[in-house]
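Here is the structure we will look at, set down as structure tokens.
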Amino acid sequence: MSADERSFVEEARREKLDAVRARGIAPFAYRFERSHTAAEALAAYGDRTDGADGPAVAVAGRLVALRGHGKTTFAHLADPSGRLQLYCKLDVLGEDAYALVGLLDLGDHVGVRGPLFRTRTGEVTVRVEQLELLAKALRPLPLGKAAAKEDGSVEHFSELSDPEQRYRQRYADLAVHPERRETFAKRAAVVRAVRAFLDGRGYLEVETPILQPLYGGASARPFVTRYRALDADFYLRIADELYLKRLIVGGIDRVYEIGKDFRNEGMDRLHNPEFTMLECYQAYADYGDMLALTEALVREVTERVTGGVELHVRGTPLPLGPAWRRAPFLELVAEHGGVDLRQADDPRLRQAIAARGAEPEEGAARGRLIDQLFKVAVESHLVAPTFVVDYPIELSPLAKPKRGDPALAERFELFIGGAELANAFSELNDPDDQRARLTAQTALRAAGDDEAQTLDEDFLRALEYGMPPTGGMGLGIDRLTMLITGERSIRDVVLFPALRPE
RNA sequence: GACCCGGUAGCUCAACUGGUAGAGCAGCGGACUUUUAAUCCGCAGGUCGUGGGUUCGACGCCCACCCGGGUCACCA
């Protein structure tokens, strides 16, 4: 950036930077030996009220408040643990060091050393004896005025609220809003808890290819990329499914992966084109086993991360309650859509979809119409945790037919807060049936359904070696994190959500 | 993709039925050796998202476009 593109605020900071250098001080330091975090320092002073100095501390952090009073200056420094007040006094620091105080700006990183004491107004504070500039902030952070409240939290009077800037410049968002860092700490805790849950049940965590010569395992459009060395198009995976089942064939009886999937679709409150998915597979299990596993997983992860048994949907608490409802797909469509799928023909389906204000997809096959009707008529009603069980088989090309009713597949999806959270089935392990179903998908694709699944010969070869009966489940980590943190948008649980280039 | 809302100083926001852009905080200068949204005095800071158009005159009206948010449609 050239000088005339900088704001006058930035110019002022660069002038101070020059002044710092002119005093022989390097404005970007290499290290600082801390003795305490801000919170540890406060704890180290304790609640003594005798007026005596506490221990000397060395703390480092970003300046978030500066109040100059001539020959003294009060400041607040923030680190991930909290805020700590600094008291800089000319008498204590001496002329030279105190001059540096005048060259500090909000946002600068500093390290200070000195004893703790309690000010007249009762705040535990560092009486700064040594001050080091650790990194100059040349660009002003959107730090508003903030005041510590009685309960110890910090009230912001002006802050970064423009969502666009928050997502594009997440570093600024995080730097200014400690509570936002908390959300991402919780996200990490969710992932840790999921791992602990599955590891404790004997699942092996693996990593499978993200770059794939063929994509599969879900109905979605892929991202395409070019593999130069092979002179071939590759795809970013849309699901882990087909590789994890290969591992079941290989004898890894319990296996899971937590990783990014990529789907070439629009983005909204619930969708980011790259998202984090858990998939797990268990040999000798069916979808009933996976249902029990899924409920236990969501309950246990919620408890571990929040210490309670509540999720949050758009800011409203949602108690997890006793055993979750299980409702057959057909019953829900009849209840909310007014259609008996066993009787209704395709025109009737289109009519029901249109009656809900949606536009039936042009030339869509029956499976997609059923899917569409479910989405427009049923999903939003499924706020309390609900397992939707036994899907029409044409919607589920990778699932086994339901015992006793071959029109259905042994499949469930878990809905919470009106959105799908998990999807599972008794995995189809008859290679001939699988080939027939994928071939049918290929026909759909030829008919224009660009989300129909592809036929993967290597996957079928694996099934021909014999895959044991297997239960499989996939669960959206971003969405689970939304429910646990109460965030309304997936962009608030993804550090760098997809945006158009600036 | 459709519709609705928004984009003004570093940040948060004003600006009436069209009259030539303002405040708080941040910044700069000064005063101030226990303040904490410090205070007091002074100063500076803007291609009003972009490009056209209407008008004597546009931040405000019209058109197109860009970016974001929301709702709907589709994938988790």
Side-chain angles (χ1 to χ4, degrees), chain A residues 6-13 15-16 64-76 83 85-93 98 105-107 117-123 125 127 137 139-149 154-168 172 176 218-222 238-239 261-273 275-279 353 356-361 364 368 371-372 375-376 379 413-415 419-423 450-451 474-480 488-491 497 499-502:
Chain A
R6 286 186 211 121
S7 72
F8 65 100
V9 178
E10 291 170 273
E11 285 303 329
R13 289 180 177 228
E15 282 166 22
K16 289 186 189 172
V64 295
L66 260 178
R67 296 179 296 278
H69 294 264
K71 297 188 176 62
T72 66
T73 298
F74 285 90
H76 273 92
R83 289 158 58 101
Q85 182 167 257
L86 311 179
Y87 178 50
C88 301
K89 200 177 174 194
L90 175 60
D91 295 353
V92 175
L93 279 163
Y98 194 75
D105 286 301
L106 288 184
F117 73 108
R118 194 182 289 279
T119 62
R120 199 157 59 195
T121 48
E123 182 163 354
T125 301
R127 184 183 300 111
R139 188 183 284 271
L141 279 168
L143 275 166
K145 287 265 176 175
K149 289 195 288 195
V154 175
E155 181 180 6
H156 296 274
F157 294 92
S158 152
E159 55 190 335
L160 183 58
S161 65
D162 173 21
E164 178 167 3
Q165 200 178 340
R166 282 186 39 226
Y167 301 143
R168 283 197 198 283
V176 171
S219 301
R221 276 183 286 262
I238 58 171
D261 287 345
F262 305 83
R263 297 190 183 175
N264 211 335
E265 308 280 352
M267 50 189 119
D268 62 26
R269 200 176 65 77
L270 293 172
H271 300 87
N272 197 55
F275 61 101
T276 303
M277 181 84 136
L278 160 70
E279 288 195 34
I353 292 166
R356 297 248 151 2
E359 205 168 315
E361 217 172 302
R368 279 185 74 84
D371 194 35
Q372 201 182 356
K375 283 177 195 306
V376 298
E379 281 193 1
E413 292 193 334
L414 171 61
F415 285 81
E420 180 186 342
L421 181 66
N423 179 22
D450 56 3
E451 290 180 0
L475 181 146
I477 294 292
D478 311 272
R479 289 192 180 174
L480 179 58
R488 292 149 195 262
S489 170
I490 195 168
R491 299 182 191 96
L499 295 171
R500 285 180 196 279
E502 257 181 295

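In the text below, chain A, chain B and the rest are named by the order of the sequence lines, each starting its count at 1.
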Taking atom C1' of B:A37 as reference, at what distance in whole Å does atom CZ of A:Phe74 sit?
16 Å

From A:Glu420 CD over to A:Glu413 CD, what is the distance, rounded to the nearest 0.5 angstrom?
3.5 Å

Parallel, tilted or perpendicular: which describes the rings of A:Tyr87 and A:Phe117, with under 30° parallel and over 60° perpendicular?
tilted

Quick one: is A:Arg13 getting a side-chain N or O under 4.0 Å of the B:G27 phosphate, OP1 or OP2?
no

Rounded to the Å, how far apart are A:Arg221 CZ and B:C74 P?
12 Å

So what does A:Asp371 touch, heavy atoms closer than 4.0 Å: a base, only the sugar-phosphate, or nothing?
sugar-phosphate

At under 4.0 Å, does any side-chain N or O of A:Gln372 touch on OP1 or OP2 of B:C74?
yes

Check: A:Asp91 and A:Tyr98 side chains under 4.5 Å, non-hydrogen atoms
no

Where the side chain of A:Thr72 is concerned, which of B:U33, B:U35, B:A73 is the nearest nucleotide?
B:U33

Of the listed nucleotides B:A26, B:U35, B:A73, the one nearest the side chain of A:Thr119
B:U35

Do any side-chain nitrogens or oxygens of A:Lys16 fall under 4.0 Å of OP1 or OP2 in B:C28?
yes

With respect to the side chain of A:Gln85, which nucleotide from B:U71, B:U33, B:U35 is positioned closest?
B:U35

Using whole Å, what does the distance between atom P of nucleotide B:A76 and atom CZ of A:Arg263 come to?
6 Å

For a stem of at least 3 consecutive Watson-Crick or G-U pairs with distances under 3.5 Å, i pairing with j, i+1 with j-1 and so on, which stems involve RNA chain B?
B:1-7 with B:66-72, B:10-13 with B:22-25, B:27-31 with B:39-43, B:49-53 with B:61-65

note: A:Arg139, atom CZ; B:G27, atom P; distance rounded to Å ~ 17 Å

Taking only N/O atoms, report every protein-nucleotides 64-69 of chain B pair under 3.5 Å with atom names and distance.
from: B:C67; atom 1: O3'; to: A:Arg168; atom 2: NH2; distance (Å): 2.9
from: B:C67; atom 1: O2'; to: A:Glu164; atom 2: OE1; distance (Å): 3.0
from: B:C67; atom 1: O2'; to: A:Glu164; atom 2: OE2; distance (Å): 2.2
from: B:C67; atom 1: O2'; to: A:Arg168; atom 2: NH2; distance (Å): 3.4
from: B:G68; atom 1: OP1; to: A:Arg500; atom 2: N; distance (Å): 2.8
from: B:G68; atom 1: OP2; to: A:Arg500; atom 2: NE; distance (Å): 3.3
from: B:G68; atom 1: O4'; to: A:Glu164; atom 2: OE1; distance (Å): 2.9
from: B:G69; atom 1: OP1; to: A:Arg491; atom 2: NE; distance (Å): 2.9

Across all chains, not counting sequence neighbours, the salt bridge (Lys or Arg N to Asp or Glu O under 4.0 Å) partners of A:Lys375 are A:Glu379

How close or far is atom P of B:U12 from atom CG of A:Leu141, stated in whole angstroms?
13 Å

Which of B:U34, B:U35, B:A73 is nearest the side chain of A:Glu123? It is B:U35

Quick one: A:Leu66 CG to B:C32 C1', roughly how many Å, whole number?
16 Å

Of the listed B:C11, B:A73, B:G27, the closest approach to the A:Gln165 side chain comes from B:C11

For A:Phe8 and B:A44, is the gap between ring centres under 5.5 Å while the planes differ by less than 30°?
no

Ranking B:A76, B:G27, B:A73 by distance to the side chain of A:Ala12, first place goes to B:G27

Indicate whether OP1 or OP2 belonging to B:A38 is found under 4.0 Å from a side-chain N or O atom of A:Arg67.
yes

